[in-house]
There are 2 protein chains.
Amino acid sequence: MQTTTDAEFSTALRDAGLKATAPRRSVLRVLETHQHADAAAIFEAVRPDLPDTSLQAVYGVLAALTDVGLVRRIEPAGSPALYERRIGDNHHHVVCTQCGAVHDVDCVIGEAPCLTPSNTAGFSIETADVTFWGVCPDCQAASA
Amino acid sequence: MQTTTDAEFSTALRDAGLKATAPRRSVLRVLETHQHADAAAIFEAVRPDLPDTSLQAVYGVLAALTDVGLVRRIEPAGSPALYERRIGDNHHHVVCTQCGAVHDVDCVIGEAPCLTPSNTAGFSIETADVTFWGVCPDCQAASA
DNA sequence: TCATTTGTTTTGACTGAGTCAAAAGAACCG
DNA sequence: CGGTTCTTTTGACTCAGTCAAAACAAATGA
């Protein structure tokens, strides 16, 4: 159980130029325990706290937090967008092709892997997404 | 202008275990010239040839072709699925963050880059998607 | 502390992309 | 050429997300 206080969340929000509101604090708190959650899951997790919150509000909060860089949005092919709070360390993700589970994967080689394509077709490259696809330990066990 | 014949497309389809039908040949032909096209664009390109074809048929054809490996499906975050016929060489893609243009990028280093994550969290890794994000030459020129 | 301004959240309608199922039709096999 | 199997068509439907306007709350400064 991590114990970031409401005051700390509020400070983080204000430092990012956002107003500190209950829905935003609540979403940040949910993201401490729910890694790689989609908007619907975050909404469900927030609801006990804030029963009057709507899914659309969660979308709005997530868009605001993503804009200022407090959360990161990932969109694996075939699933809805997922959000995570671990940011700034350029890590990647591995997705289970059977159950859809997502885990973090540290950088492949060195600090900024795969950021040096051989031919860039004239593009100025800014970032790279890397998504690994495989089978998670649970699904491996289930099929054995 | 590439000149794959209908007979050649038919053979390729049958070799893959599919029946050789007009919509499938037509989609394959469209993919020769339209790299990285989405289902709607393919549908439009196919329509002059086959006026009675529906978008749903195109979805069906693309799903069948993807299943047997004749085309590859990519899903950059924020755009609909794109399809391409260049397969089997493990290349990646660079997407323009401004206009959405997609170009191929050859493997970063060696033949199968980024396929060796440092910690796999117990997953058995099968493939890796790499998507680069940047600004294409046209958009660079437009903003200068 | 209160009023004002500005930024958020709520509400509800709407869109885009894609899936699903059943019926009609076309390819392949002998 | 006939029969079986695979495809395509048609149409309804779902899911994820966006958009706009009105109601509301947080920060600012008097």
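Labels below follow one simple rule: chain letters A, B, ... track the order of the sequence lines, proteins then strands, and each chain is numbered from 1. Both backbone and side-chain heavy atoms feed into the values below; hydrogens, waters and symmetry mates do not.
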In whole angstroms, how far is the [atom2] atom of [N] from the [atom1] atom of [X]?
X      : N       : atom1 : atom2 : value
R25(A) : dT9(C)  : CZ    : C1'   : 14 Å
R24(B) : dA26(C) : CZ    : P     : 15 Å
D52(B) : dT8(D)  : CG    : P     : 14 Å
L62(A) : dT9(C)  : CG    : P     : 11 Å
D15(B) : dC28(C) : CG    : C1'   : 15 Å
R47(B) : dT9(D)  : CZ    : C1'   : 15 Å
L50(A) : dA25(D) : CG    : P     : 12 Å
L65(B) : dC6(D)  : CG    : C1'   : 14 Å

Quiz item: Mind checking whether H103(B) and F123(A) have ring centres under 6.0 Å apart?
Solution: yes
Exercise. Take H34(A) and H36(A) through the side-chain hydrogen bond (donor to acceptor under 3.5 Å, both in side chains) test and state the conclusion after the steps.
Key: CA-CA 6 Å; H34(A) 299 62; H36(A) 313 123; over 6 Å; no
Listed pairs, N/O of protein and of nucleotides 14-18 of chain C, under 3.5 Å:
from, atom 1, to, atom 2, distance (Å)
dG18(C), OP1, A81(B), N, 3.0
dG18(C), OP2, Y59(B), OH, 2.8

Practice problem: Return the 5'-most residue of the pair L18(B), T21(A) with respect to DNA chain C, ranking by each residue's nearest nucleotide. | Solution: T21(A)
Quiz item: Looking only at atom types and distance, does a side-chain atom of R24(B) sit under 3.5 Å from a main-chain N or O of K19(B), one as donor and one as acceptor?
Solution: yes
Quiz prompt | Rounded distance (nearest 0.5 Å) linking atom CD of E8(A) with atom CG of D15(A) | solution = 11.5 Å
Self-check item: Distance, nearest 0.5 Å, that separates OH of Y59(A) from CG of L55(A)
Solution: 5.0 Å
Self-check item: Residues R29(B), D6(B): salt bridge by 4.0 Å N-O rule
Solution: yes
Practice problem: Measure from the side chain of K19(B), starting at C-beta and using heavy atoms only, and say which of dA27(C), dT6(C), dT9(D) lies closest. | Solution: dA27(C)
Quiz item: Closest to the S54(A) side chain: dT10(C), dT10(D), dT8(D)?
Solution: dT10(C)
Practice problem: List the steps, then state whether side-chain hydrogen bond (donor to acceptor under 3.5 Å, both in side chains) holds for T66(A) with R72(A). | Solution: CA-CA 6 Å; T66(A) 305; R72(A) 181 172 158 201; over 6 Å; no
